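All values below were derived from every heavy atom in this structure, side-chain atoms included, with hydrogens, water molecules and symmetry-related copies excluded. Remember, predicted model here, so these are calculated numbers, not experimental data. All chains are named by letter (A, B, ...) in the order of the sequence lines, taking the proteins before the strands, and each is independently numbered beginning at 1.
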Protein chains: 2
Amino acid sequence: MPRRPAGNTDQPPAQGDIYEQIVDALVDQRILPGTRLNELALCEVFKVSRREMEKVLLRLSFNGLVTLIPNRGAFVASSDANEARAILSARKTVEAGIVEAVALRASGADFKRLEQNIAREDECRHAGRIREAIKHSGEFHILLAEITGNPILCDLMKQLVARTSLVVSLYENPNGLSCWHGDHATLLKHLRAHKARPAMNLMQRHLDHLEESLVFTPQADTSTDLRTIFRRGER
Amino acid sequence: MPRRPAGNTDQPPAQGDIYEQIVDALVDQRILPGTRLNELALCEVFKVSRREMEKVLLRLSFNGLVTLIPNRGAFVASSDANEARAILSARKTVEAGIVEAVALRASGADFKRLEQNIAREDECRHAGRIREAIKHSGEFHILLAEITGNPILCDLMKQLVARTSLVVSLYENPNGLSCWHGDHATLLKHLRAHKARPAMNLMQRHLDHLEESLVFTPQADTSTDLRTIFRRGER
DNA sequence: GTCGTTGAAATTGCGCGCAATTCCAGAGGA
DNA sequence: TCCTCTGGAATTGCGCGCAATTTCAACGAC
């Protein structure tokens, strides 16, 4: 039986891989909220059957990243203001706990990983590659979850970060400075000093600022060519 | 197709309803970890097509409540010790935040709901209906999440409580007192007084005690008749 | 020029049924 | 008595293809 688990040769695409590729496309905003995800087009792009793609879309919808409308298909979730606030609020609740745990139990290697992430983000930001910088900024929060060593919290944060990306795409302030990126460095300082309370407070403020920087006026949807976003089949 | 002449008017069973019925069966331990969930049997029980049941099972597996083994089918998740600890640990992280939010922002009506829940649990416990008491005990924690007004946290807690039930089924101490049920009342007292810190600490201890009451020695699986658990189709 | 109408093409929902795999009881051998 | 083997039954994985619905552009009425 020719079972190929996962090869760099992407002839037999994958199952969870497809999920992650789509999530990646969401977090660095290559797909915007409201975009219609044509099932057949996705099948074509990832070279899988409709059935497999259906499963991926189901999982995305269970996680709030995609909305399934009967007879219409899958659309990238575009949260209303209430849901957006709920996402941010959930992050405040969860990340306070994560930061506390990290402040109390993180080791030197963990700090190193955080430091490298911050360095990468700054690098991208100074090079003007804002999109990549945003991606790293999200990964910082996921890193914190990873450092707790709890895979459940880790998955949860991946989901919340992705949903946050969608919310930011929808409601970001047009003249918004890609702001507060100094926060991560300050937070790391507190974590190194095992100052749990200041770290928690800073995370709270960090997310408050993010929320305040949003302006809850929906803007026009954009429909995007899926074949352009996922470069495949050509070299 | 043979139309049901029998009593119940639940003509088209539902989609998310089935999910919730199965979750309910998990939380009050009518289905034990390791139980095989025969797809055709479930289709028969809920009167749905295999396709629909497949979706439900997929969702259960995405949420960690069921394990899908290729060519073998669906099994109620039976976590190992590590995963069990991760579930409890995630609850400590999340519920600390929830309790803090509730302590700061809950109103009189909220306290009433909590009080009623505690009363119901005590009632069941004194009447010797332990299973029901446990169910209410879990609902208390979900109630706290509901009171935050955040549907994301609410769904998350439903999932974590269900997974906790499975873990308890697997690892509960045989001679264990169905313990610490006084904690909920004490917690409510703190919440009423808006004492966030004591409430958070108590929740932490509450979950610590739960974890300590577990003995990580797996016991025998039990296969159960699905048609008995979900009473349907007769009478 | 703007707004309904309409019909064909595109798309999704899903039942059907086969192929592949696993399960299990019973036979045979050590 | 306890393994090992084996063949048929049970079960899952999934492609195929049709029916139902939606989409969209061309058309005609006002």
Taking atom C1' of C:dC14 as reference, at what distance in whole Å does atom CZ of B:Arg50 sit?
13 Å
Checking all strands, does A:Arg72 fall into the base, sugar-phosphate, or nothing category for heavy-atom contacts under 4.0 angstrom?
sugar-phosphate
Start at the 5' end of DNA chain D and walk down; is the nucleotide closest to A:Phe75 or to B:Glu54 reached first?
B:Glu54
A:Asn38 side-chain N/O to C:dT11 phosphate OP1/OP2 under 4.0 Å:
yes
Would you verify whether the NZ or CZ of B:Arg85 falls within 45 degrees of the ring axis of B:Phe216 while also being under 6.0 Å from that six-membered ring's centre?
yes
Determine the interplanar angle of the A:His184 and A:His141 rings, folded into 0 to 90°, and report it as parallel if under 30°, tilted if 30 to 60°, perpendicular if over 60°.
perpendicular
Could you check how far CG of B:Leu58 sits from C1' of D:dG13, rounded to whole Å?
12 Å
Between C1' on D:dA19 and CG on A:Asn71, what's the gap in Å once rounded to a whole number?
11 Å
What's the CG-P distance between B:Leu68 and D:dT11, to the nearest Å?
16 Å
Return no unless some side-chain N or O of A:Lys55 is found under 4.0 Å from OP1 or OP2 of D:dG13.
no
Find the distance B:Glu44:CD to D:dT11:C1' and express it as a whole number of Å.
15 Å
Does any donor atom in the side chain of A:Ser79 or A:Arg163 lie under 3.5 Å from an acceptor atom in the other side chain?
no
Taking for B:Arg51 and for B:Glu39 the nucleotide of DNA chain D with the nearest heavy atom, the one nearer the 5' end belongs to B:Glu39
OP1 or OP2 of C:dT22 less than 4.0 angstrom from a side-chain nitrogen or oxygen of B:Arg36, does that happen here?
no
Measure CG/B:Leu40 against P/D:dA10 and give the value in whole Å, please.
11 Å
Reported CG-to-CE distance for the pair B:Leu42 and B:Met53, which is rounded to 0.5 angstrom:
5.0 Å
On the nucleotide D:dG15, are OP1 or OP2 found under 4.0 Å from the side-chain N or O atoms that A:Ser49 carries?
yes
